[in-house]
Amino acid sequence: MKAAVVHAFGAPLVIEDRPDPEPGPGQVRVRVEASGLCHTDIHAAHGDWPVRPNPPFVPGHEGVGLVEKLGEGVTHLSVGQRVAVPWLGRACGRCEHCLSGWETLCEQQVNTGYGCDGGYAEKMLAWADFAQPVPDGVSPFEAAPLTCAGVTTYKALKVAGVRPAQLVAISGIGGLGHLALQYAKIAGAQVAAIDVTDEKLELAAELGADLLIDARKDDVGKVLKAHGGAHAAIALAVNPAAFEAVNSGLRRGGKLVMVALPAHGTIQVPIFDTVLNGTSVIGSIVGTRQDLAEVFQLHAAGRTKVEYETRPLASVNDSIDEVLRGQVKARIVFDLGTGR
Ligand SMILES: [Zn+2]
Ligand SMILES: [Zn+2]
């Protein structure tokens, strides 16, 4: 089977032939149909973050495909069933986080495409308990971006406790932002969409944004404040200045939810304003299996629309460059050529 492999941080990925991986106890082998390109994969391939993966490894945590082989003890999945293999490859199931519904904070977790090989391959392994069944009628190309971009933004809105009639600012309308916007609308909120390209602001308008803020010329904080301030701001743009801008546009009691992960990013949080205004700064990382199940349920019910463009896996290095240049409207999904 073919896989795109990182051999050294920052070096181009190499497409190579590898033997089919054998599922161990509790695992399944998945014949990958579609695999999304998330910015995290680029950080993984570049070794940008304090905790680094160990090359050689296969990135990718938006792999979707059909179960091809069951490992020992797997009884709840069947061969031919479509599953998604998310960032949370496995968690311990026993710690305080796992037991309190926060498996995404488990310190023993293994992350797909980071701590084990991921979805940039024709075949991959998954821990059966963490492979999420994809409902009938949801295409693998739409399921792929939902597996990280979807669940991550859905969870961020849950963490913010968004309620109907609130004003929610979505900073960055890309692979994540276009989905965040839709989840905020589903929650009944008014949505302010913030970006720096005409194309993405147009996409936000098409998806029902109530207020468009062009951060190239508008003062984001002032515009939000002119509308009463945001009850919640979801920071998705990979740029620390954008985090500070939306933080300054919160209303009293508002919440900044940090989601994007700029390499070595830090922001200044003014103590005086934070104390007087009672605002919160919260980090939110991906989502649980239950969150992903809900994301798929909403999509199967026709409530969300996924913007994506397909590419062959062979174009992996060019695709990464496109994302880094900010030229991709929504999400790149690799078509492994096995799904149709
Ligand atoms: Zn991701
Ligand atoms: Zn745990």
Side-chain angles (χ1 to χ4, degrees), residues 4 6 26 32 34-46 48-49 51-53 57-64 84-120 124 126-127 129-132 141-157 159 172 174-180 183 234-238 257-263 265 283-292 295-296 306-308 316 319-320 323-324 328 330-334:
V6 175
V32 181
S35 192
L37 194 177
C38 175
H39 215 118
T40 291
D41 302 331
I42 303 177
H43 290 303
H46 290 178
D48 279 338
W49 289 335
V51 181
R52 293 165 140 202
F57 69 96
V58 178
H61 54 275
E62 289 188 349
V64 175
V85 189
W87 173 251
L88 190 66
R90 71 174 298 183
C92 81
R94 290 181 299 276
C95 71
E96 65 169 291
H97 307 295
C98 285
L99 293 175
S100 59
W102 284 98
E103 62 198 21
T104 48
L105 302 183
C106 176
E107 298 203 42
Q108 308 298 318
Q109 69 184 274
V110 177
N111 297 121
T112 309
Y114 212 90
C116 63
D117 284 337
Y120 287 16
M124 72 185 299
W127 279 279
D129 285 344
F130 289 81
Q132 185 68 41
F141 298 97
E142 295 184 351
L146 294 173
T147 302
C148 178
V151 74
T152 297
T153 52
Y154 181 72
K155 184 64 162 190
L157 286 155
V159 164
L176 278 80
H178 87 286
L179 289 161
Y183 295 129
I234 314 296
L236 306 171
V238 188
V257 184
M258 294 184 166
V259 176
L261 288 166
S284 184
I285 176 82
V286 295
T288 62
R289 289 170 282 180
Q290 179 59 28
D291 295 320
L292 183 53
V295 159
F296 284 156
V306 180
E307 293 280 331
Y308 67 93
V316 61
S319 300
I320 286 173
V323 172
L324 290 175
V328 185
R331 200 66 154 181
I332 286 181
V333 177
F334 297 115

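Start at 1 and go down the list; that is how both ligands and their atoms are numbered. Values below: every heavy atom of this structure, side chains too, minus hydrogens, waters and symmetry copies.
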Exercise. Is H39 close enough that one of its N/O/S atoms sits under 2.8 Å from the Zn ion (ligand 1)?
Worked result: no
Calculate, to the nearest 0.5 Å, the distance between atoms [atom1] and [atom2] belonging to [X] and [Y] respectively.
X    : Y    : atom1 : atom2 : result
C92  : H97  : SG    : NE2   : 9.0 Å
L37  : I42  : CG    : CD1   : 5.5 Å
L236 : H178 : CG    : NE2   : 11.5 Å

Problem set entry | Angular separation of SG (C106) and SG (C98) seen from the Zn ion (ligand 2), to 10° | 110°
For this session: Measure from the Zn ion (ligand 1) to every N/O/S atom of H61 and report the name of the nearest one.
Result: NE2
For this session: For the pair T112 (side chain) and G118 (backbone), establish whether a donor and an acceptor sit closer than 3.5 Å, ignoring hydrogens and angles.
Result: no
For this session: Give, rounded to 10 degrees, the angle between SG (C38) and SG (C148) as seen from the Zn ion (ligand 1).
Result: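 Seen from the Zn ion (ligand 1), SG and SG are separated by roughly 130°.
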